Amino acid sequence: MSRPVTLFTGQWADLPAEELFPKIKAMGFDGVELACWGDHFDVQKALNEPGYVEGRWELLKKHGLVCYAISAHLVGQAICDPIDERHKAILPEHVWGDGEPEGVRQRAAQEMIDTAKAARKFIDAGKAYMADKPAGSGKAVVNGFTGSSIWGALYAFPPTSQEYIQKGFDDFGSRFKPILDAFEKEDVYFALEVHPTEIAFDIASAQRAVEAVGGHPRFGFNYDPSHLGYQGVDYVKFIYQLGDRIHNAHMKDVWWGHGDGSVGVFGGHTDFCDARRYWDFRSVGRGDINFEEVIVALNDIGYAGPLSIEWEDGRMDRFHGATESCAFVKNLDFPRNTVAFDAAFDKSNQ
């Protein structure tokens, strides 16, 4: 059986789950990757409100949808970031609090620990319903961001030493090791979406992030080729080099080299869809990512989890785009081969 195709609900949080889920089914998806914002998945309700997680599964069951992961990108961003007014707009009020930066970072870290607990409670509550569904990877996964204290030092001026950069990785390690220990206790995996603004944004920084947490067994990646391709990073090589730590996979497309030459990789402080831009996200199958190579590589490493479409294309209606993206991925994905294709030449196999 090919992998389940799910929709990451993060960009759809303006729609309540009760309204969104039947639309997701109608678009052809097998399931969802639930965002921990909007009303899609509430971490504190999951932990403290009797019947909440069971209710999420009842709603999924009602529309014939599966779920393998929840996502905590927004709160994760605040764990290592320098905090400013932009974070207030994306964080729960109990995490933002009085806005004092270190307090925000510490509350965000606790919220991520709570998210691991909520994920375990949620996955356990759905075992009976999911028993006859595709197994996926068999892991309970929380996808998310980490933020970064050193993203502002992306370009090396004023001159930036490796000692300065290492302090940023050390800060990430010290903040995330206790979080990852909590994930270990709950038997849940944290999957960082490698992404500009995070502690890991390419292969080299991803490898360094693994080192910063001492190779913690609960730390891994939410693979997303779109954030690698426009940077010039080999997004297929990422799979082969870090495949043992890929716990979830986003199918998201991007094109690059389509601007007018006045905006580069760093975006020129322009908005998405500005015609001058060097790169922009596209509906899956309409950009420059070679998804055939991605699928082959995921098969080669034995990735069995969902293919979760993160749909972003500012030039296209999202329902049209998500529907065509789902069909594209389902048509492209194929089960991994389990026999040698030339084995039948051997008389003993005839």
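Source: prediction; values computed, not measured. The chain is numbered in sequence order, starting from 1.
When every heavy atom of Lys177 is checked against every heavy atom of Gly214, the shortest pair comes out as CE-N, 4.2 Å. Contact detail for Gln11 and Glu312: the closest heavy-atom pair is NE2-OE2, 2.6 Å. Ser148 approaches Pro82 most closely through the heavy-atom pair O-CD, 3.4 Å. For Tyr230 against Pro196, the heavy-atom pair with the smallest separation is OH-CG, 3.2 Å.
Every pair passing salt bridge (Lys or Arg N to Asp or Glu O under 4.0 Å) that includes a residue from residues 24-48 is listed here, sequence neighbours excluded: Asp30-Lys330. Contacts classified as salt bridge (Lys or Arg N to Asp or Glu O under 4.0 Å) and involving residues 150-172 (residues at least two apart or in different chains) are given here: Asp171-Arg175. Note on residues 216-225: pairs passing salt bridge (Lys or Arg N to Asp or Glu O under 4.0 Å), not counting sequence neighbours, are Glu184-Arg218, Asp187-Arg218. Residue pairs satisfying the side-chain hydrogen bond (donor to acceptor under 3.5 Å, both in side chains) criterion with at least one member in residues 283-300, sequence neighbours excluded, are listed as follows: Arg3-Asn299, Tyr240-Asp300, His258-Asp288, Ser283-Trp311, Ser283-Glu324, Ser283-Ser325, Arg286-Glu324. Screening residues 131-140 for salt bridge (Lys or Arg N to Asp or Glu O under 4.0 Å) gives no qualifying pairs among residues at least two apart or on separate chains.
By the rule that hydrophobic residues join a cluster once side-chain heavy atoms approach within less than 4.5 Å of another member, Val284 and Ile24 end up as members of one cluster. Taken together through direct or relayed side-chain contacts under 4.5 Å among Ile, Leu, Val, Met, Phe, Trp and Tyr, Val213 and Phe145 form parts of separate hydrophobic clusters. A single hydrophobic cluster is not seen to contain both Val141 and Ile239; linkage of ILVMFWY side chains at heavy-atom distances under 4.5 Å, directly or through other members, places them apart. Hydrophobic cluster membership is shared by Tyr68 and Leu20, with clusters built from Ile, Leu, Val, Met, Phe, Trp and Tyr side chains linked at under 4.5 angstrom. Linking ILVMFWY residues whenever their side-chain heavy atoms come closer than 4.5 Å, directly or via other members, leaves Tyr189 and Ile301 in distinct clusters.
Under the 4.5 Å side-chain criterion, counting only non-hydrogen atoms from C-beta, Leu307 is in contact with Asp333. The closest side-chain heavy-atom distance from Ile79 to Thr146 is not below 4.5 Å. Side-chain contact between Ile165 and Arg208 is present, with heavy atoms from C-beta onward closer than 4.5 Å. Contact of the Phe291 side chain with the Val329 side chain is not registered, since no non-hydrogen atoms from C-beta on lie closer than 4.5 Å. Contact of the Pro225 side chain with the Phe238 side chain is not registered, since no non-hydrogen atoms from C-beta on lie closer than 4.5 Å. In this structure, the side chains of Ile199 and Leu192 come closer than 4.5 Å at one or more pairs of heavy atoms. Inter-residue side-chain proximity for Phe29 and Thr6 is flagged as unmet; no heavy-atom pair is nearer than 4.5 Å. Annotation: side chain of Glu198 is not in contact with side chain of Glu193 (no heavy-atom distance under 4.5 Å).
The backbone N or O of Gly220 lies less than 3.5 Å from no partner atom in the side chain of Arg245, so there is not a single donor-acceptor pair. A distance-only check finds no donor-acceptor pair linking the side chain of Asn248 to the backbone of Asn222 [under 3.5 Å]. Side-chain atoms of Arg56 come within 3.5 Å of backbone atoms of His40 as a donor-acceptor pair (strictly under, hydrogens ignored). Of the possible donor and acceptor atoms, one in the side chain of Asp253 sits under 3.5 Å from a partner among the backbone N and O of Ile289. Side-chain atoms of Glu49 do not come within 3.5 Å of backbone N or O of Tyr52 as any donor-acceptor pair.
Looking at residues two or more places apart in sequence or on another chain, you find a side-chain contact (heavy atoms from CB on, under 4.5 Å) between Pro101 and Ile83, Arg105. With sequence neighbours excluded, the residues satisfying side-chain contact (heavy atoms from CB on, under 4.5 Å) with Ala212 are Phe169, Phe172. Qualifying ring pair (Phe, Tyr, Trp, His ring centres under 6.0 Å) partners for His227, counting only residues two or more places apart in sequence or in other chains: His195, Phe281. With sequence neighbours excluded, the residues forming a side-chain contact (heavy atoms from CB on, under 4.5 Å) with Asp260 are Ser262, Arg276, listed by chain and number. Lys62 meets the side-chain hydrogen bond (donor to acceptor under 3.5 Å, both in side chains) test with Glu18; sequence neighbours excluded. When the side-chain contact (heavy atoms from CB on, under 4.5 Å) test is applied to Val233, the partners found at least two apart in sequence or on another chain are Asp202, Ile203, Leu228, Gln231.
Remark: Asp14 engages Arg318 in a salt bridge, criterion side-chain N to carboxylate O under 4.0 Å.
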Decide side chain to side chain contact (heavy atoms under 4.5 Å, CB included) for Ile309 and Cys326; before the verdict, give the C-alpha distance in whole Å, the side-chain angles of both, and the deciding distance to 0.1 Å. CA-CA 7 Å; Ile309 291 172; Cys326 181; 4.3 Å; yes
Trace of the side chain to side chain contact (heavy atoms under 4.5 Å, CB included) decision for Glu111 with Gln44: CA-CA 9 Å; Glu111 185 76 2; Gln44 294 306 321; 2.9 Å; yes
Could you check Ser226 against Tyr235 for side chain to side chain contact (heavy atoms under 4.5 Å, CB included), going step by step and ending with a plain yes or no? CA-CA 8 Å; Ser226 71; Tyr235 52 86; over 6 Å; no
Walk me through whether Met251 and Val294 qualify under side chain to side chain contact (heavy atoms under 4.5 Å, CB included). CA-CA 9 Å; Met251 299 289 101; Val294 168; 4.2 Å; yes
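For an aromatic pair to be called close, the ring centres must be under 6.0 Å apart, and Tyr303 with Tyr223 fails this. Taking the ring centroids of Phe319 and Trp12, they lie under the 6.0 Å cut-off. Close placement of the Phe41 and Phe122 rings is indicated, their centers lying within 6.0 Å of each other.
Counting non-hydrogen atoms of neighbouring residues, nucleotides and ligands closer than 6.0 angstrom, the NE2 atom of His94 exceeds 12 such neighbours.
Alongside Trp151, the hydrophobic cluster contains Leu154, Phe201, Phe266 (criterion: ILVMFWY side chains under 4.5 Å).
A side-chain donor from one of His216 and Asp181 sits under 3.5 Å from a side-chain acceptor of the other. Between the side chains of Glu102 and Gln106, at least one donor N or O lies within less than 3.5 Å of an accepting N or O.
If you run side chain to side chain donor-acceptor pair (under 3.5 Å) between Asp313 and each of His320, Lys252, Arg282, only Arg282 comes through. Test Phe219, Phe183, Phe190 against Phe176 for ring-ring contact (aromatic ring centres under 6.0 Å, His included) and you get one pass: Phe190.
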